[in-house]
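Working notes for the structure below.
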Amino acid sequence: MSNRKKVNISQKPDNKVSNIDQWVTERTTDSTQPEQTTEKMKRLTLDIPESLHQAIKLKAVEQGVTMANMLRALLEEHYG
(Lines give C-alpha, C1' and ligand atoms only; values in the text may rest on other atoms or scores of the structure.)
Protein backbone atom coordinates (compact mmCIF):
# COMPACT_ATOMS: atom_id res chain seq x y z
CA MET A 1 0.00 0.00 0.00
CA SER A 2 1.46 3.34 -1.08
CA ASN A 3 0.89 6.55 0.87
CA ARG A 4 1.75 9.07 -1.80
CA LYS A 5 0.90 12.65 -1.15
CA LYS A 6 -0.13 14.74 -4.12
CA VAL A 7 1.60 18.14 -4.21
CA ASN A 8 0.50 20.89 -6.55
CA ILE A 9 3.38 22.97 -7.82
CA SER A 10 2.51 26.40 -9.10
CA GLN A 11 3.79 27.67 -12.41
CA LYS A 12 7.16 29.44 -12.41
CA PRO A 13 6.86 33.22 -12.93
CA ASP A 14 7.79 34.27 -16.47
CA ASN A 15 9.46 37.60 -15.69
CA LYS A 16 11.38 36.74 -12.54
CA VAL A 17 14.52 38.65 -13.59
CA SER A 18 12.62 41.77 -14.59
CA ASN A 19 10.71 41.67 -11.29
CA ILE A 20 14.01 41.62 -9.39
CA ASP A 21 15.36 44.44 -11.56
CA GLN A 22 12.18 46.40 -10.95
CA TRP A 23 12.48 45.88 -7.19
CA VAL A 24 16.08 47.11 -7.19
CA THR A 25 15.38 50.18 -9.30
CA GLU A 26 12.12 51.19 -7.60
CA ARG A 27 13.00 50.59 -3.97
CA THR A 28 13.65 53.48 -1.62
CA THR A 29 16.05 53.71 1.27
CA ASP A 30 15.73 51.56 4.37
CA SER A 31 12.65 52.60 6.34
CA THR A 32 14.57 52.51 9.65
CA GLN A 33 16.26 55.80 8.76
CA PRO A 34 14.20 58.77 7.61
CA GLU A 35 15.28 60.34 4.34
CA GLN A 36 14.44 63.72 2.90
CA THR A 37 14.06 62.29 -0.59
CA THR A 38 13.15 59.06 -2.33
CA GLU A 39 16.17 59.33 -4.61
CA LYS A 40 16.81 56.30 -6.81
CA MET A 41 19.18 53.88 -5.06
CA LYS A 42 22.17 52.11 -6.60
CA ARG A 43 23.85 49.03 -5.16
CA LEU A 44 27.55 49.11 -4.23
CA THR A 45 29.42 45.89 -3.59
CA LEU A 46 32.92 45.78 -2.17
CA ASP A 47 35.16 43.19 -0.58
CA ILE A 48 36.54 43.98 2.86
CA PRO A 49 38.49 41.89 5.38
CA GLU A 50 36.39 39.84 7.77
CA SER A 51 37.85 41.69 10.76
CA LEU A 52 36.72 45.04 9.35
CA HIS A 53 33.25 43.65 8.63
CA GLN A 54 32.99 42.43 12.23
CA ALA A 55 34.12 45.83 13.57
CA ILE A 56 31.53 47.66 11.44
CA LYS A 57 28.81 45.20 12.47
CA LEU A 58 29.67 45.61 16.16
CA LYS A 59 29.58 49.41 15.91
CA ALA A 60 26.23 49.29 14.12
CA VAL A 61 24.75 47.02 16.80
CA GLU A 62 26.07 49.33 19.54
CA GLN A 63 24.43 52.31 17.82
CA GLY A 64 21.20 50.39 17.13
CA VAL A 65 21.32 50.97 13.38
CA THR A 66 21.79 48.80 10.35
CA MET A 67 25.23 48.50 8.80
CA ALA A 68 23.82 49.88 5.55
CA ASN A 69 22.41 53.01 7.19
CA MET A 70 25.57 53.59 9.20
CA LEU A 71 27.79 53.26 6.12
CA ARG A 72 25.44 55.45 4.06
CA ALA A 73 25.75 58.18 6.70
CA LEU A 74 29.55 57.89 6.72
CA LEU A 75 29.73 58.06 2.93
CA GLU A 76 27.31 60.98 2.83
CA GLU A 77 29.39 62.83 5.45
CA HIS A 78 32.57 62.35 3.42
CA TYR A 79 31.24 62.68 -0.14
CA GLY A 80 27.84 64.30 0.38
Atom NZ in Lys59, atom CG in Leu71: separation rounded to 0.5 Å?
-> 12.5 Å
Rounded distance (nearest 0.5 Å) linking atom NZ of Lys57 with atom OG1 of Thr66 | 9.0 Å
Does Val65 belong to the same Ile/Leu/Val/Met/Phe/Trp/Tyr cluster as Leu74, with side-chain heavy atoms less than 4.5 Å apart forming each link?
-> yes
Would you please test Arg43 and Thr45 for side chain to side chain contact (heavy atoms under 4.5 Å, CB included) and show each step?
-> CA-CA 7 Å; Arg43 184 166 299 276; Thr45 303; 4.2 Å; yes
Heavy-atom side-chain proximity of Met41 to Arg72 below 4.5 angstrom | yes
Using atom types as modelled, flag every donor-acceptor pair under 3.5 Å from a side chain in residues 46-54 to any protein atom, sequence neighbours excluded.
unit_1	atom_1	unit_2	atom_2	d
Glu50	OE2	Gln54	NE2	3.4

